[in-house]
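Comments concern the structure below.
If you're wondering where the values come from, they're calculated on a predicted model, not measured in any experiment. Because only heavy atoms are used, hydrogens play no part in the values below, and waters and symmetry mates are left out as well, while side chains stay in. Start at 1 and go down the list; that is how both ligands and their atoms are numbered.
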Amino acid sequence: MLGAHLDSWHAGTGATDNATGVAVCMEAVRILRALDLQPRRTIRVALWTGEEQGLLGSRAYVADHFGTSARACETDDPRKAERDAFSVYFNLDTGTGRIRGLFLQGNEPARAFFRPWLAPVRDLGVATLTLASSGGSDHIPFDAAGLPAFEFAQDMIEYNTRTHHSSLDLYDRAVADDLKQASVVMAAFIHNAANTDEKVPRKPLEAETLKPPVSVAE
Ligand SMILES: [Zn+2]
């Protein structure tokens, strides 16, 4: 899965928070369609609502489809099959800037898994796999439920200084070339995720008892 959120803050139209993320997701799957690639796994795009009100859309989706933890999803639970089939969710919600890497949310096994994926995009400036966590967006409910879910690290451009939740978050703040780069990187990651033999490794089960707080949305 890949996703971004459609809702925005009231002061502007929400160009960088988070229409740019939505546009990158749509362009990434358009690229895969244009190349007529046939993925081995289903690729699902989620354009969330209610993110700014507390990740409402993604939280409800995770609860409906996967359960909020493995223990909440016993063998007779119809969500168990979907939970077992799930591989990974990639989120893009830090404005218009280029993708530089991935926040791994403390998932050490994922680092070795993703490292080979960086080689073909390294010349686009993507080089970082950090164990650090990124909070405040729609990957958090997946991560809290014990499912691999990651936010891309991006160039901040004017996100914190100017556009985030401000009256200046308008169309002219979107940087076209950076969004093209992000779309290519997103397409590459989704293509890889849909075609590897193994699913993206999950954190040890113990990690589910250490759920990160679901913070108010960015
Ligand atoms: Zn946002």
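The two residues Ala194 and Pro39 make their nearest non-hydrogen contact at CB-CB, 3.7 Å. For the residue pair Asp93 and Ser137, the shortest heavy atom distance occurs at OD2-OG, 2.7 Å.
The Zn ion (ligand 1) has no N, O or S atom of His164 closer than 2.8 Å. Residue contact annotation: Asp93 places an N/O/S atom under 2.8 Å from the Zn ion (ligand 1). Taking backbone and side-chain atoms together, Glu51 has no N/O/S atom less than 2.8 Å away from the Zn ion (ligand 1).
Ion pairing between a basic and an acidic side chain is recognised when a charged N comes within 4.0 Å of a carboxylate O; Arg83 and Asp77 show no such pairing.
Taking the Zn ion (ligand 1) as reference, the nearest N/O/S atom within Asp17 carries the name OD1.
The shortest side-chain heavy-atom distance between Glu51 and Leu6 does not fall under the 4.5 Å cut-off.
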